[in-house]
Amino acid sequence: MQKIVIQGQNKLTGSAKINGSKNSILPMIAASLLTSDEVVLEDVPQLRDIVTMTRIVEDLGLSTTYDKDTRELKIKFENEENVTAQYDLVKQMRASICVLGPLLAKRGRAVVSLPGGCVIGPRPIDLHLLGLKALGADIRIQHGYIQARAKGLRSGTIHLLGTFGSSVLATGNVMMAACLAQGQTIIRSAACEPEVVDLANFLNTMGARIEGHGSSEITITGVKELHGTRYRVIPDRIEAGTFLMAAVASEGDVVLKNVKIEHLGLLIDRLKTVGARIDVTKKNEIHVTRSGSLKSIDFTTLPYPGFPTDLQAQFMALLSTAEGSSVITEKVYPDRFMHASELMRMGADITMETGMAVVRGVEYLSGANVMASDLRASAALIIAGLMARGKTEIDRVYHIDRGYETIDRRLAAMGALITRED
Ligand code: EPZ
């Protein structure tokens, strides 16, 4: 079991290049099941979640090769014998549910293990199943598996609105399936996240006919088949937001390259409010500095373009030493506060109830032994470690490697005293 060790209070300087988006790439790997041609994805980072998804599609008859130099992922069709996504792989990563739509559309049959919950919440899939049933799929749940079959999907009008708002991966799943369904499908209350837009753009380069992506109403006109493509994914806005907050936390002076400013608008606005200085230097570079104390701020997580739930933990860490109190309302995953108890071990003053946390700023955090519980909580603990006085040791580092490529080495290259130890 590896851990990350940080000596706090070193400023980050220099620059970092943001990688291709994990949450774009995962559904695109699943979408490769929709064609018998080769698919090439560009700017693909080496992440555990991406390896897991390639294993799942390999199990389903595709072959994949990753080139470390070009950072390209090549995916090729081999056979369509197996239509079952096994529990031992699916349980590792919720996004595996995205193979359901493509398998149904291309092969007319799918057996996918129920993904199960994770520490940030129950993670239901009712909207995925509702959407695919609306396209004519026959779906049953037996022995922990989704047994789905469809003799040719038909179009439909689908409302994909859950208790907590729209669903990113359910929108992706239904959109992928509708590409090969007969007729015109309309998805209402569709998710507007940039990764959904990226997936739609990717599918359109394969010959799909999708319009309205980025709005809450997406129209998909079914086609006979999809051909291969070569596609460069958008930069990872959550990685960019994490690096921005790490720079602010360390009172550093950093330039981030390969970012899409329009995907970070709200975060940039909030970071300026709390005291960071942020300039957009070129079309896709951000210069961020911070001197002087941080101010507190209230914020609520919401589906895009609201504040991203995937940056809530990182922002809580940053605000733990701001002047005053910050009220954090978590509307997407009300239980997503596992990181708070670890921050409190470092001296943060946080009170919580379901869906809400109040962070009272303290003068400083002190380094401690803490434990990562999930991907974004790990990032919050790294940010806290950069700010804290003394040494912080973060256990269960495999969580961070799911979504951030060699983050310790990249931060060390910017001046952080951070190492990885067995
Ligand atoms: C995607 O998960 C992301 N994962 C998550 O990022 C992100 O937190 C989430 O969207 C919200 O932005 C990937 O893209 C791989 P949702 P997804 O369906 O699609 C409820 C990370 O750190 N819901 O948009 O699974 C659900 O409980 C990960 O990279 C239903 O009720 O999330 C939640 O409250 C963590 N029924 C809300 O919708 C459903 O069928 C939004 O979830 C599906 C979801």
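On a predicted model such as this, the values are computed, not experimentally measured, just so you know. Any value given below was found using the heavy atoms of this structure, including those in side chains, with hydrogens, waters and symmetry copies removed. Both ligands and their constituent atoms are indexed starting at 1 by order of listing.
- Using cut-offs of 30° and 60° on the angle between ring planes, the pair F202 and Y231 is perpendicular.
- Checked against a 3.5 angstrom limit, the closest N/O atoms of T309 and ligand 1 fall outside it.
- Considering backbone and side-chain atoms together, S167 places an N or O closer than 3.5 Å to an N or O of ligand 1.
- In E78, the CD atom is crowded: over 12 heavy atoms of neighbouring residues, nucleotides or ligands sit closer than 6.0 Å.
- Look at T163 and you'll find every heavy atom at least 4.0 Å from all atoms of ligand 1.
- Atom 34 (O) of ligand 1 has its closest protein heavy atom at V332 O, 2.6 Å.
- Side chains of N284 and K257 form no contact here, defined as non-hydrogen atoms less than 4.5 Å apart.
- A donor-acceptor contact shorter than 3.5 Å is absent between the side chain of R188 and the backbone of H159.
- A salt bridge links E405 with R71: the distance from a Lys NZ or Arg NE/NH1/NH2 to an Asp or Glu carboxylate oxygen falls below 4.0 Å.
- Listed by number with element, the atoms of ligand 1 under 4.0 angstrom from any heavy atom of R94 are 25 (O).
- In terms of polar-atom proximity, defined here as any N/O pair under 3.5 Å, I120 makes no such contact with ligand 1.
- Under a 4.0 angstrom heavy-atom cut-off, Q312 registers as lying outside contact with ligand 1.
- Those atoms of ligand 1 with a heavy atom of R336 less than 4.0 angstrom away are 8 (O), 22 (O), 35 (C).
- No cation-pi contact links K17 to F243, judged by a cut-off of 6.0 Å to the six-membered ring centre and 45° from its axis.
- For atom 36 (N) of ligand 1, the closest non-hydrogen atom on the protein side is D126 OD1, 2.7 Å.
- Within the 4.0 Å heavy-atom cutoff, H128 counts among the residues contacting ligand 1.
- Ring geometry for F315 against F307 counts as parallel: the plane angle stays under 30°, on a 0 to 90° scale with 60° as the upper cut.
- Summary of contacts: the protein heavy atom closest to atom 4 (N) of ligand 1 is N23 ND2, 3.7 Å.
- Annotation: the span from I383 atom CD1 to S250 atom OG amounts to 10.0 Å, rounded to 0.5 Å.
- Residue E193 has no nitrogen or oxygen atom sitting less than 3.5 Å from a nitrogen or oxygen atom of ligand 1, judged on distance alone.
- Counting heavy atoms from C-beta outward, I400 and I382 have side chains that approach closer than 4.5 Å.
- Of the inter-residue distances, the one linking T219 atom OG1 with R209 atom CZ reads 11.0 Å to the nearest 0.5 angstrom.
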Practice item. Kindly indicate, with the supporting measurements, whether the criterion side chain to side chain contact (heavy atoms under 4.5 Å, CB included) is fulfilled by I187 and M175. Key: CA-CA 8 Å; I187 303 176; M175 190 164 72; 4.3 Å; yes
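- Taking only nitrogen or oxygen atoms, main chain and side chain alike, G165 does not reach within less than 3.5 Å of ligand 1.
- Scanning the protein for heavy atoms near atom 19 (O) of ligand 1, the closest one is L169 N, 2.8 Å.
- The protein non-hydrogen atom at the shortest distance from atom 38 (O) of ligand 1 is S166 O, 4.1 Å.
- Ligand 1 places these atoms under 4.0 Å from at least one heavy atom of K22: 21 (C), 29 (O).
- In terms of protein heavy atoms, atom 6 (O) of ligand 1 is closest to D310 OD2, 2.9 Å.
- At under 3.5 Å, a nitrogen or oxygen of L127, whether backbone or side chain, sits near a nitrogen or oxygen of ligand 1.
- Considering P124, P115, S96 only, the shortest heavy-atom separation from atom 30 (C) of ligand 1 involves P124.
- The N/O atoms of A170, backbone and side chain alike, include none that comes under 3.5 Å of an N/O atom in ligand 1.
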